[in-house]
Visitor: 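The structure under discussion is supplied below as structure tokens; questions concerning it will follow.
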Amino acid sequence: MKFFVDTADVAAIAELNDLGMVDGVTTNPSLILKSGRDIIEVTREICGLVEGPVSAEVVATKADAMIAEGRKLAEIAPNIAVKLPLTWDGLKACKVLTSEGRMVNVTLCFSANQALLAAKAGASFISPFIGRLDDITLDGTDLIAEIRTIYDNYGFETEILAASIRSVNHVREVALIGADVMTAPPDVIRKLASHPLTDAGLQTFLKDWEKTGQKIL
Ligand code: E4P
């Protein structure tokens, strides 16, 4: 499963990228606001750091304006994936932009039928938001499983990008289901390394090592 990092924080992306943990980046208008940066400048900087797809989201709501914004965002770098909302206009823009050879990430997906439409419109990625479904007491990971089955049934090549990941359990669950990609905030990716038994085991080893009176260096 590929790891995308869901942030516009360049320092956090750089740290994870140096560890080989970043196969791509996703941003959205809320994350751009949080960064306090200009969308074009920060997206260009991220594209310079990361080789994989970097999603940059349009804010227009009519297809023609979405296409124009998408073309402008795609000019930033060859690894831009234009992020479009899963609306009827977003699907129209998806069809046009993908037929121009651009990568498109269709976002704000909350149902299997929406994912089916995105695949038929040629989306490179579909982003089902699992955390936001959990927020309204539905099971977000069930949606990932449904989309996996449907895409496999018909051989759609659109990649399932599990989004709105809020916990390490979400990461394990979507990996087990077979999502192609997951995007998570930097702190969730860091938490994947944590286990209380690792911490406890390390403490014991260090105490015993001190008792030996030895040094390695
Ligand atoms: C994905 O592309 C979105 O930017 C993101 O995963 C949304 O996550 P949230 O529901 O935690 O805001």
Side-chain angles (χ1 to χ4, degrees), residues 1-10 12-13 16-17 21-37 39 42-43 45-47 50 52-61 66 69-70 73-74 76 79-87 90-91 93-94 97-98 102-111 114-115 118-119 121 123-144 147 158-175 177 179-192:
M1 183 169 70
K2 284 176 268 189
F3 275 26
F4 287 4
V5 59
D6 196 31
T7 187
D9 177 338
V10 176
I13 294 167
L16 291 168
N17 196 41
M21 300 293 175
V22 179
D23 299 306
V25 172
T26 50
T27 65
N28 63 38
S30 305
L31 293 171
I32 296 295
L33 173 69
K34 199 171 164 192
S35 77
R37 303 271 314 268
I39 183 172
V42 73
T43 307
E45 201 175 328
I46 295 168
C47 288
V50 173
V54 174
S55 291
E57 188 160 344
V58 305
V59 289
T61 54
M66 286 175 167
E69 286 185 358
L73 292 170
I76 296 172
N79 56 333
I80 286 287
V82 177
K83 208 172 181 193
L84 301 166
L86 209 156
T87 59
L91 293 169
C94 175
L97 291 169
T98 54
R102 304 179 202 279
M103 277 190 288
V104 169
N105 174 1
V106 176
T107 189
L108 290 167
C109 170
F110 294 96
S111 78
Q114 287 182 317
S124 322
F125 301 99
I126 182 68
S127 289
F129 275 33
I130 69 175
R132 293 190 193 189
L133 284 169
D134 287 359
D135 289 345
I136 59 162
T137 70
L138 295 173
D139 189 335
T141 53
D142 282 353
L143 174 58
I144 302 293
I147 299 171
T158 301
E159 292 189 57
I160 301 173
L161 197 176
S164 188
I165 296 264
R166 306 272 176 76
S167 68
V168 294
N169 283 336
H170 277 158
V171 177
R172 180 176 46 82
E173 285 163 15
V174 302
I177 292 165
D180 300 289
V181 192
M182 72 93 197
T183 188
D187 63 314
V188 172
I189 296 176
R190 285 190 209 101
K191 277 186 197 148
L192 294 173

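All heavy atoms count here, side chains included; hydrogens, waters and symmetry mates do not. Start at 1 and go down the list; that is how both ligands and their atoms are numbered.
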Visitor: Calculate, to the nearest 0.5 Å, the distance between atoms CZ and CD belonging to Phe125 and Glu159 respectively.
Guide: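 Reported value, rounded in 0.5 Å steps: 5.0 Å.
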
Visitor: Verify whether one side chain among Ser167 and Asn169 offers a donor that lies under 3.5 Å from an acceptor in the other.
Guide: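 No, no side-chain donor-acceptor contact under 3.5 Å.
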
Visitor: Taking only heavy atoms of the protein into account, state which residues are under 4.0 angstrom from an atom of ligand 1, in chain and number order.
Guide: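 Within the 4.0 Å shell of ligand 1, which is judged on heavy atoms, sit Asp6, Thr26, Asn28, Lys83, Phe129, Arg132, Ala163, Ser164, Arg166, Thr183.
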
Visitor: So how far is it from Ile32 CD1 to Ile39 CD1, rounded to the nearest 0.5 Å?
Guide: 4.5 Å

Visitor: Counting only N and O atoms by type, is there a donor-acceptor contact under 3.5 Å from the side chain of Thr158 to the main-chain atoms of Ile126?
Guide: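 Answer holds: no.
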
Visitor: Under a 3.5 Å distance rule, please check whether Asn79 uses its side chain to pair with a backbone N or O of Val54 as donor and acceptor.
Guide: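 Flag not set: sc Asn79 to bb Val54 has no pair under 3.5 Å.
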
Visitor: For Thr26, what residues pass the side chain to side chain donor-acceptor pair (under 3.5 Å) criterion, not counting sequence neighbours?
Guide: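 With sequence neighbours excluded, Thr26 shows a side chain to side chain donor-acceptor pair (under 3.5 Å) to Asp6, Thr183, given in chain and number order.
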
